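Report on the following structure.
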Amino acid sequence: GDQTLFNNLWAFKAARSTAKTSQLMPWIIENNGTTIIDSNSASDADFDIAFALAMAHYQWGSGGTYNYQSLAATEIQRCRSYDINSGDYHVRPGDGWDDWEYPSYYFPAFFRAFGEIEGGTYQTFWNNVVSKCQTNIQTNRNATSGLVGEICNHDGSRRSDDPCTGGCDGRKYKYNSCRVPWRYAT
């Protein structure tokens, strides 16, 4: 059923991540399932994985094959350590680079949940991440349309270039930026 599939997905992720310091999921893997093309993570996937583990605990408990609650706490800690810049709380694109931000990687509801799960000073940390994301969205959005660019600078300002040569143009509303309203509605 669903839990068996979920456990298999977790086992796949864990097997591909253990060689990395961050132990976050590599973002490009050959469809043979074994060849890692790019070992860097993508923060949006890291956040999805951490949140999914938390939800698995609420759905199935943590007394079976995996302790989802413990795994979620560990994965959230990894996200905090490798996917968030602790200096100004901006969201990094992944664990291996930090040249710009994707506003579609801002998950305010997840970040609030991460703060509740970690508690204490980490709740303040995650609330600061939410505030940074909200500030960056307000800074980046077009005054007329309200749309945000595909990428932005760490202060939320609009990028006027295409550093990925066609893949992440800060001047355009594209496939990543179309997820921003969805992220804020959940």
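Just so you know, these numbers use all the heavy atoms, side chains as well, and skip hydrogens, waters and symmetry mates. Since we're looking at a predicted model, the values are computed, not measured.
Listed for the Arg159 side chain is no donor-acceptor partner under 3.5 Å among the backbone atoms of Ile151. A side-chain donor-acceptor contact under 3.5 Å links Ser81 to the backbone of Gln77. Looking only at distances, no side-chain donor or acceptor of Asn153 sits under 3.5 Å from a matching main-chain atom of Gly156. No donor-acceptor pair under 3.5 Å is formed between the side chain of Glu150 and the backbone N or O of Tyr173. Between the Ser43 side chain and the Arg92 main chain, a donor and an acceptor come within less than 3.5 Å of each other. In this structure, the side chain of His154 does not engage the main chain of Asp88 through any donor-acceptor pair within 3.5 Å.
Considering every non-hydrogen atom in both Gly96 and Asn40, the closest pair reads CA-OD1, 3.3 Å. Nearest approach of Thr18 to Ala14, heavy atoms of both residues: CG2-O, 3.0 Å. In terms of heavy-atom proximity, Arg158 sits nearest to Gly149 at NH1-N, 3.9 Å. Contact detail for Val148 and Pro103: the closest heavy-atom pair is CG2-CB, 4.2 Å. The minimum heavy-atom distance between Val130 and Pro108, with the atom names listed, is CG2-O, 3.8 Å. Taking all atoms of both residues into account, the shortest heavy-atom contact from Ala50 to Ile76 is CB-CG1, 3.8 Å.
Between Tyr102 and Trp100, the ring-plane angle classifies as perpendicular under the 30° and 60° cut-offs. Under the 30°/60° scheme for interplanar angles, the aromatic rings of Tyr66 and Trp10 are found to stand perpendicular.
Trp97 CH2: more than 12 foreign heavy atoms inside a 6.0 Å radius. The number of heavy atoms from other shown groups lying within 6.0 Å of CG (Asp2) does not exceed 12. Enclosure of atom CZ in Phe12 by more than 12 non-hydrogen atoms of other residues, nucleotides or ligands within 6.0 angstrom is indicated.
Annotation: cation-pi pair Arg179/Tyr175 absent, no NZ/CZ under 6.0 Å from the ring centroid and within 45° of its normal.
With contacts defined as side-chain heavy-atom distances shorter than 4.5 Å, the pair Phe51/Phe114 qualifies. You'll find the side chain of Arg78 stays beyond 4.5 Å of the side chain of Ser22, heavy atoms only. Within the 4.5 Å cutoff, no side-chain heavy atoms of Leu147 are placed close to those of Arg141. Looking at His90 and Ile84, their side chains never come closer than 4.5 Å, going by heavy atoms from C-beta outward. For the pair Val91/Lys132, no side-chain contact is recorded, criterion being any heavy-atom separation below 4.5 Å from C-beta on. You'll find the side chain of Glu101 reaches within 4.5 Å of the side chain of Asn136, heavy atoms only. Counting only heavy atoms from C-beta outward, the side chains of Ile28 and Ile36 never approach each other to under 4.5 Å. Using a 4.5 Å cut-off on side-chain heavy atoms (C-beta onward), Pro26 and Ser17 make contact.
Put simply, OG1 on Thr135 and CG on Asn140 are 12.5 Å apart, with the number rounded to the nearest 0.5 Å. A distance of 6.0 Å separates CZ in Arg183 from CG in Asp44, rounded to the nearest 0.5 Å. Expressed to the nearest 0.5 Å, how far CD1 of Ile49 lies from CG of Leu24 amounts to 8.0 Å.
Remark: the Glu30 side chain and the Thr34 side chain contain no N/O donor-acceptor pair separated by less than 3.5 Å.
Looking at Asp95 and Lys20, a side-chain N of the basic residue comes within less than 4.0 Å of a carboxylate O on the acidic one, giving a salt bridge.
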Problem set entry | side chain to side chain donor-acceptor pair (under 3.5 Å) assessment of Trp27 paired with Asp38 | CA-CA 6 Å; Trp27 84 288; Asp38 188 334; 2.9 Å; yes
Exercise. Do Phe110 and Asp48 pass the side-chain contact (heavy atoms from CB on, under 4.5 Å) test, and can you show the C-alpha distance, the side-chain angles, and the key distance before you say yes or no?
Worked result: CA-CA 8 Å; Phe110 287 17; Asp48 280 333; 3.5 Å; yes
Exercise. Should Lys13 and Glu75 be marked as a salt bridge (charged side-chain N to carboxylate O under 4.0 Å, His left out) after you check the CA-CA gap, both sets of side-chain angles, and the distance that decides it?
Worked result: CA-CA 12 Å; Lys13 180 269 182 204; Glu75 206 70 9; 3.0 Å; yes
For this session: Before giving the answer on side chain to side chain donor-acceptor pair (under 3.5 Å), spell out for Asn32 and Thr35 the whole-Å C-alpha distance, their side-chain angles and the decisive distance to 0.1 Å.
Result: CA-CA 7 Å; Asn32 64 20; Thr35 305; 3.0 Å; yes
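Ring to ring, Phe6 and Tyr68 are close: their centroids are under 6.0 angstrom apart.
When each of Tyr105, Tyr82, Phe107 is paired with Phe47, the ring pair (Phe, Tyr, Trp, His ring centres under 6.0 Å) condition holds for Phe107 and for no other. Residue Phe111 forms a ring pair (Phe, Tyr, Trp, His ring centres under 6.0 Å) with just one option from Tyr106, Tyr184, Trp126, and that option is Trp126.
Among pairs with a residue in residues 110-122, those fulfilling salt bridge (charged side-chain N to carboxylate O under 4.0 Å, His left out) read Arg80-Glu118, at least two apart in sequence or across chains.
Linking Ile, Leu, Val, Met, Phe, Trp and Tyr whenever their side-chain heavy atoms come within less than 4.5 Å leaves Met55 and Trp60 in two separate clusters.
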